[in-house]
Student: 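Before I ask anything, let me first share the structure, which is written out below as structure tokens.
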Amino acid sequence: MKVAVITGSGGLIGSESVAFFADKFDLIVGIDNDMRQYFFGKEASTDWNRHRLQERFPNYRHYPLDIRDQTAVEKVFMEYGKDISLVVHAAAQPSHDWAAKEPFTDFTINANGTLNMLEYTRQHAPEAVFIFTSTNKVYGDNPNFLPLIELESRWEIDTAHPYYKEGIDERMSLDHTTHSLFGASKVAADVLVQEYGNYFGMKTGVFRGGCLTGPNHSGAQLHGFLSYLAKCAITGNHYTIFGYKGKQVRDNIHSYDLVNMFWHFYQNPRSGEAYNAGGSRFSNCSMLEAIELCEEISGKKINYSLSDQNRKGDHIWYISNVEKFRAHYPGWEFKFDLKTTLTEIIDNMAKRDH
Ligand SMILES: NC(=O)c1ccc[n+]([C@@H]2O[C@H](COP(=O)([O-])OP(=O)(O)OC[C@H]3O[C@@H](n4cnc5c(N)ncnc54)[C@H](O)[C@@H]3O)[C@@H](O)[C@H]2O)c1
């Protein structure tokens with residue numbers, strides 16, 4: 001039997017992974033305890049998504065356990081052992097701001113939780129491919145010290161800089177920078193995943209996401225900006241942009257395109273590799289540009305305001321260079337551009353009852 005274990009299976013990336021891999025594996029084991037509801041409130045609960053998966057995929061089996069609970073996690077690995085050929089580890093505390101509220105919770109989920117997943121994979125399914133969703137926040141605020149230029153609707157990097165053409169690559173330093181506590185707990189996990197590849201020879205891959213997005217995000221003010229923006233467009237709720245005059249640039253990758261990267265990696269895995277994985281030059285926008293596009297698609301005005309105060313450690317301009325991944329996996333390509341993604345999010349959001 002071929003089994004895939006997916007943590008954070010109710011979340012954006014976890015649920016996309018379940019849908020993507022359901023017909024490629026005999027059994028999908030999903031782990032998610034809906035902690036997103038604890039982090040961001042009832043409106044951000046991922047329970048609706050878990051129900052959707054259980055209805056849609058008969059070979060999906062859900063375990064509502066906490067990845068910090070070593071006994072419970074090990075039990076799952078003991079149950080399926082070497083049948084496990086893929087682990088997608090996407091469960092996390094995902095917000096900068098929230099991490100500062102409860103540092104112990106953030107660190108034990110992001111760092112210790114990742115260690116639990118890695119170590120039980122090593123003990124019970126060492127041949128499995130292990131995929132980890134890291135973040136561009138591992139570079140801390142280093143991107144903010146690039147030569148940036150203010151344009152009418154966005155910040156942009158100097159055209160003479162080597163990052164202008166394709167964006168920021170994996171050689172950017174992880175040191176000498178403010179990460180936020182969230183960034184720090186993700187660095188710990190990111191380095192652990194690389195180390196289980198480099199030191200133990202396991203097939204581990206780290207994907208440092210830009211903004212990950214798609215219709216199955218349970219958007220909250222503190223996490224999932226496109227999804228939350230779409231929600232504000234539909235409900236008329238107020239949206240606050242924090243700092244940088246709304247000109248901060250993010251690259252956005254549809255959850256399908258990211259999980260398709262995982263699929264390519266799974267089929268031809270390497271050890272201890274780290275990849276920047278965002279929308280790149282192909283799909284990016286400033287907050288102001290996102291609002292304009294959202295208004296164009298939804299036909300509704302967004303009720304927003306600009307706050308002078310930026311989020312600590314927040315990026316002014318971040319565009320991922322995905323050329324390293326492309327060089328290793330030339331068969332992979334983007335499917336969703338920004339407009340298609342946002343249209344899909346808005347259409348789906350309008351159909352959802354919350
Ligand atoms: N969404 C983004 O913009 C973004 C950007 C960069 C990196 N990432 C990373 O990608 C991964 C997936 O992000 P996402 O957007 O799908 O997040 P998400 O919040 O939608 O999904 C994460 C899921 O993990 C679950 N979870 C949290 N703590 C848990 C625990 N202790 N035990 C079991 N389940 C737990 C949550 O309930 C949630 O359903 C995370 O590691 C995140 O840090 C996300």
Side-chain angles (χ1 to χ4, degrees), residues 5-18 30-41 44-47 49-50 63-70 72-73 87-121 130-140 179-194 196 204-214 216-225 227-228 253 255 258-259 261-262 274-275 277-278 311 313:
V5 174
I6 297 173
T7 71
S9 53
L12 172 72
I13 300 306
S15 64
E16 186 77 56
S17 301
V18 173
I31 296 177
D32 198 310
N33 65 349
D34 197 17
M35 267 205 87
R36 193 172 168 93
Q37 169 161 207
Y38 173 73
F39 304 142
F40 308 126
S45 165
T46 53
D47 218 35
N49 209 9
R50 170 176 69 87
Y63 289 76
L65 60 88
D66 193 318
I67 56 163
R68 292 172 295 178
D69 181 343
Q70 287 184 260
V73 173
V87 177
V88 176
H89 176 38
Q93 189 300 108
S95 156
H96 278 303
D97 298 344
W98 198 91
K101 282 207 297 195
E102 288 190 30
F104 283 122
T105 311
D106 174 77
F107 197 84
T108 51
I109 292 175
N110 289 353
N112 299 40
T114 302
L115 179 60
N116 292 344
M117 295 303 299
L118 281 166
E119 183 53 22
Y120 293 128
T121 303
F130 189 103
I131 286 168
F132 173 61
T133 48
S134 185
T135 166
N136 59 21
K137 304 301 183 311
V138 296
Y139 300 119
H179 288 93
S180 84
L181 294 186
F182 160 73
S185 63
K186 292 295 274 194
V187 168
D190 181 305
V191 173
L192 273 171
V193 176
Q194 291 185 60
Y196 269 70
T204 64
V206 170
F207 291 77
R208 294 178 177 157
C211 280
L212 315 180
T213 191
N216 295 322
H217 220 184
S218 305
Q221 189 178 12
L222 292 187
H223 188 243
F225 98 92
S227 171
Y228 191 67
I253 184 168
S255 46
L258 181 69
V259 175
M261 281 180 154
F262 300 169
Y275 299 104
R311 291 193 161 123

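As the structure is a computational prediction, the values presented were derived from the model and not from experiment.
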Student: What are the two closest heavy atoms between Ala189 and Thr114, and how far apart are they?
Tutor: CB-OG1, 3.5 Å
Student: Considering non-hydrogen atoms only, spot the tightest contact between Gly14 and Ala90 and give its length.
Tutor: N-CB, 4.1 Å
Student: Taking only residues two or more places apart in sequence or in another chain, which ones pass side chain to side chain donor-acceptor pair (under 3.5 Å) with Asp66?
Tutor: Asn33, Arg68
Student: Apply side-chain hydrogen bond (donor to acceptor under 3.5 Å, both in side chains) to Ser9 and Asp32, showing your working.
Tutor: CA-CA 6 Å; Ser9 53; Asp32 198 310; 4.7 Å; no
Student: Give the intermediate values and the outcome of side chain to side chain contact (heavy atoms under 4.5 Å, CB included) for residues Leu115 and Tyr196.
Tutor: CA-CA 10 Å; Leu115 179 60; Tyr196 269 70; 3.6 Å; yes
Student: Side chains of Met117 and Val87: closer than 4.5 Å at any heavy-atom pair?
Tutor: yes
Student: Are any of the side-chain heavy atoms of Lys137 and Lys186 separated by less than 4.5 Å?
Tutor: no
Student: Applying ring-ring contact (aromatic ring centres under 6.0 Å, His included), can you list everything that pairs with Tyr139, at least two apart in sequence or on another chain?
Tutor: none
Student: Could you tell me whether a side-chain N or O of Ser180 sits under 3.5 Å from a main-chain N or O of Gly183, the two making a donor and an acceptor?
Tutor: yes
Student: Is the closest side-chain heavy-atom distance between Ser255 and Ile13 below 4.5 Å?
Tutor: yes
Student: Evaluate the side-chain proximity of His89 to Thr121: yes if any heavy-atom separation is below 4.5 Å, no if none is.
Tutor: no
Student: Work out which heavy atom in Ser185 is nearest to a heavy atom in Asn110; give both atom names and the distance.
Tutor: OG-ND2, 3.0 Å
Student: Who passes side-chain contact (heavy atoms from CB on, under 4.5 Å) against Ser134, sequence neighbours left out?
Tutor: Phe132, Val138, Asp190, Val206, Arg208
Student: Quick check: do Tyr275 and Met261 have side-chain heavy atoms less than 4.5 Å from each other?
Tutor: no
Student: For the residue pair Val187 and His179, establish whether any side-chain heavy-atom pair is separated by less than 4.5 Å.
Tutor: yes
Student: Checking Phe39 against Glu102 for the side chain to side chain contact (heavy atoms under 4.5 Å, CB included) test, could you report, in this order, the C-alpha distance in whole Å, the side-chain angles of both residues, the deciding distance, and whether it holds?
Tutor: CA-CA 10 Å; Phe39 304 142; Glu102 288 190 30; over 6 Å; no
Student: Check whether any side-chain heavy atom of Phe107 lies under 4.5 Å from a side-chain heavy atom of Leu181, and answer yes or no.
Tutor: no
Student: What is the minimum heavy-atom distance between Ser15 and Asn49, and which atoms define it?
Tutor: OG-ND2, 2.9 Å
Student: Do Leu212 and Phe207 have side chains that get closer than 4.5 Å, going by heavy atoms?
Tutor: no
